[in-house]
Amino acid sequence: MNPTLKSTHTKIQEWYKTKGRTDLPWRSTSDPYHIYLSEVMLQQTQVKTVLERYYFPFLEAFPTMHSLGSAALDDVLKQWEGLGYYNRAKNLHKTAGLIEEIPDSIDRLMALPGIGKNTAHAIAAFAFGQPVPVMEANVKRILCRLHRLRTPDEKRLWKIAYSMVDKENPFDYNQAMMDIGATLCLPKDPKCNRCPLENICKGKNNPEYYPLKKKKTVPVREENIVIYLDDDRLSLQQRSGKFLHGLWGFESVEIPPCAAEYIGEVSHAYTHFKLKCRVYLYFESSPEQEYYFTPEKIGKLAISKVDEKIVNLYLDTIVK
DNA sequence: TAGTCGTGGGG
DNA sequence: TCCCCAAGACT
């Protein structure tokens with residue numbers, strides 16, 4: 001092996017022992033289900049959020065693949081409430097109903113819904129000790145800087161990742177790479193002087209050039225929300241489209257009924273658009289609306305953050 | 001391949 | 001207040 005690579009592996013391993021986040025609970029288990037769950041929860045989601053609010057409660061509710069697979073989807077979504085990207089919960093539930101054991105090959109892992117190339121590699125490395133690299137956001141940024149790549153090409157990045165992985169200890173290597181990315185090789189103000197990869201990093205003099213950041217303008221979407229009232233109960237429906245699928249929410253209409261009373265506006269920022277909701281109260285039930293719940297009962301349903309804001313606006317309104 | 005899919009942390 | 005962005009997958 002390239003002596004430089006060998007030396008780099010040693011530096012990474014030594015760094016990991018003292019500076020790595022070795023206490024994360026999904027790093028001290030060998031249960032593939034636990035590791036699988038953590039990998040899915042961590043997709044596009046910060047470690048802190050998963051660690052402090054979701055990982056343990058979810059495992060308490062669904063301790064095994066079997067218990068997850070035989071649960072009601074609504075209960076799984078309720079556990080997932082607030083974590084976002086709800087298709088992840090649907091896919092977990094679906095998978096748990098289909099298989100009894102997590103497969104150990106990358107191909108079979110990628111065949112499961114909700115598992116792409118990176119998650120398959122992560123499970124292979126972390127649950128089954130296979131000598132393969134992971135290549136998520138942190139590692140991607142590191143590799144771009146190491147090789148001064150402004151516009152990362154997935155194929156090239158995977159090739160680099162494979163050429164660099166420590167096959168002697170892929171578990172610690174991959175965890176270390178993610179930790180280096182998350183704690184040192186930061187998007188802004190990276191801590192190069194503390195980085196075990198500094199001596200081989202071609203981009204260390206101007207790390208913020210790599211990778212190139214592309215900014216997008218987010219459109220504003222405006223909606224009229226109507227809450228139909230049946231005494232103290234509010235109309236809700238279970239969402240059926242791709243967006244927030246399976247969660248309960250209020251109805252969006254083109255034109256609010258004339259008799260509806262405007263009670264205020266609620267805003268919410270998504271990744272690719274901003275939503276502004278003008279909220280109306282209609283003091284009668286509607287034949288179009290099948291389901292009505294008291295605010296207390298709504299608390300037991302899985303609802304999204306916008307709809308939670310709308311409930312709060314309603315509660316503020318009726319108090320005044 | 002560029003858009004779509006959530007939410008919260010942190011600057 | 002606004003912005004970037006986080007253990008990405010899917011179409």
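Chain letters run A, B, ... following the sequence lines, proteins first and then strands; every chain starts at 1. What you see is a predicted model, and the numbers here were worked out from it, not measured in a lab.
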Distance between [atom1] atoms of [N] and [M] (Å, rounded):
{"N": "C/dT1", "M": "B/dG6", "atom1": "P", "answer": "25 Å"}
{"N": "B/dG3", "M": "C/dC4", "atom1": "P", "answer": "15 Å"}
{"N": "C/dC2", "M": "B/dC5", "atom1": "P", "answer": "23 Å"}
{"N": "B/dA2", "M": "C/dA7", "atom1": "C1'", "answer": "23 Å"}

Side chains of [X] and [Y]: does their closest heavy-atom pair fall under 4.5 Å?
{"X": "A/Lys140", "Y": "A/Leu157", "result": "yes"}
{"X": "A/Asn224", "Y": "A/Glu254", "result": "no"}
{"X": "A/Leu149", "Y": "A/Pro211", "result": "no"}

Side-chain N or O of A/Gln44 closer than 4.0 Å to phosphate OP1/OP2 of C/dA6: no
Short side-chain N/O contact from A/Lys48 to OP1 or OP2 of C/dC5, under 4.0 Å: no
Residues which pass salt bridge (charged side-chain N to carboxylate O under 4.0 Å, His left out) with A/Lys48, listed by chain and number, not counting sequence neighbours: A/Glu52
Students often get this wrong, so: under 4.0 angstrom with heavy atoms, is [X] touching a base, only sugar-phosphate, or nothing?
{"X": "A/Tyr85", "result": "base"}
{"X": "A/His245", "result": "nothing"}
{"X": "A/Trp80", "result": "nothing"}
{"X": "A/Arg53", "result": "sugar-phosphate"}
{"X": "A/Ala122", "result": "nothing"}
{"X": "A/Lys188", "result": "nothing"}
{"X": "A/Lys216", "result": "nothing"}
{"X": "A/Ile115", "result": "sugar-phosphate"}

Tell me the interatomic distance from [X], atom [atom1], to [N], atom [atom2], rounded to whole angstroms.
{"X": "A/His272", "N": "C/dC3", "atom1": "NE2", "atom2": "C1'", "result": "17 Å"}
{"X": "A/Leu83", "N": "C/dA6", "atom1": "CG", "atom2": "P", "result": "16 Å"}
{"X": "A/Glu39", "N": "C/dA7", "atom1": "CD", "atom2": "P", "result": "11 Å"}
{"X": "A/Arg141", "N": "C/dG8", "atom1": "CZ", "atom2": "P", "result": "10 Å"}
{"X": "A/Lys140", "N": "C/dG8", "atom1": "NZ", "atom2": "C1'", "result": "8 Å"}
{"X": "A/Tyr86", "N": "C/dC10", "atom1": "OH", "atom2": "P", "result": "19 Å"}
{"X": "A/Tyr36", "N": "C/dA9", "atom1": "OH", "atom2": "C1'", "result": "12 Å"}
{"X": "A/Met110", "N": "C/dT11", "atom1": "CE", "atom2": "C1'", "result": "15 Å"}

Heavy atoms of other groups near A/Tyr291 OH, more than 12 under 6.0 Å: no
Close residues, residues 304-311 of chain A, relative to DNA chain B [heavy-atom separation under 4.0 Å]: A/Ser304, A/Lys305
Positions of residues 171-181 of chain A (non-hydrogen atom under 4.0 Å from DNA chain B), listed by number: none
Side-chain ion pair, A/Glu14 and A/Lys17, N-O less than 4.0 Å: no
Nucleotides bounding contact with chain A, strand DNA chain B, heavy-atom threshold 4.0 Å: B/dT4 to B/dG9
Pairs flagged by ring pair (Phe, Tyr, Trp, His ring centres under 6.0 Å) wherever residues 18-48 of chain A is involved - sequence neighbours left out: A/Trp26-A/Tyr55
Nearest-nucleotide 5' precedence on DNA chain B, A/Gln46 against A/Asn87: A/Asn87
Pair A/His268, A/Lys305: side-chain N/O donor-acceptor within cut-off below 3.5 Å: no
Donor + acceptor pair across side chains of A/Asp230, A/Gln289 (<3.5 Å): no
Within 45° cone and under 6.0 Å: A/Arg148 NZ/CZ vs A/Tyr209 ring: no
Shortest side-chain distance from A/Thr119, nucleotide among C/dA7, C/dA6, C/dG8: C/dG8
Donor-acceptor pair under 3.5 Å, A/Arg27 side chain vs C/dA7 base: yes
A/Val266 reachable from A/Ile318 in the ILVMFWY side-chain graph, under 4.5 Å edges: yes
5' priority, DNA chain C, between A/Val218 and A/Ala120 [closest heavy atom]: A/Val218
Worked check of side-chain hydrogen bond (donor to acceptor under 3.5 Å, both in side chains) between A/Arg221 and A/Ser252: CA-CA 12 Å; A/Arg221 196 176 295 177; A/Ser252 173; over 6 Å; no
Identify every side-chain donor-acceptor pair in residues 102-130 of chain A under 3.5 Å, counting partners at least two apart or on other chains, and give the distances.
from, atom 1, to, atom 2, distance (Å)
A/Asp104, OD1, A/Arg108, NH2, 3.0
A/Ser105, OG, A/Arg108, N, 3.1
A/Ser105, OG, A/Arg108, NE, 3.3
A/Asn118, OD1, A/Met135, N, 2.9
A/Asn118, OD1, A/Glu136, N, 3.4
A/Thr119, OG1, A/Gln43, NE2, 2.9
A/His121, ND1, A/Lys117, O, 2.8
A/His121, NE2, A/Tyr162, OH, 2.7
A/Gln130, NE2, A/Asp104, O, 2.3

Check: A/Tyr314 ring centroid to A/Phe250 ring centroid under 6.0 Å: no
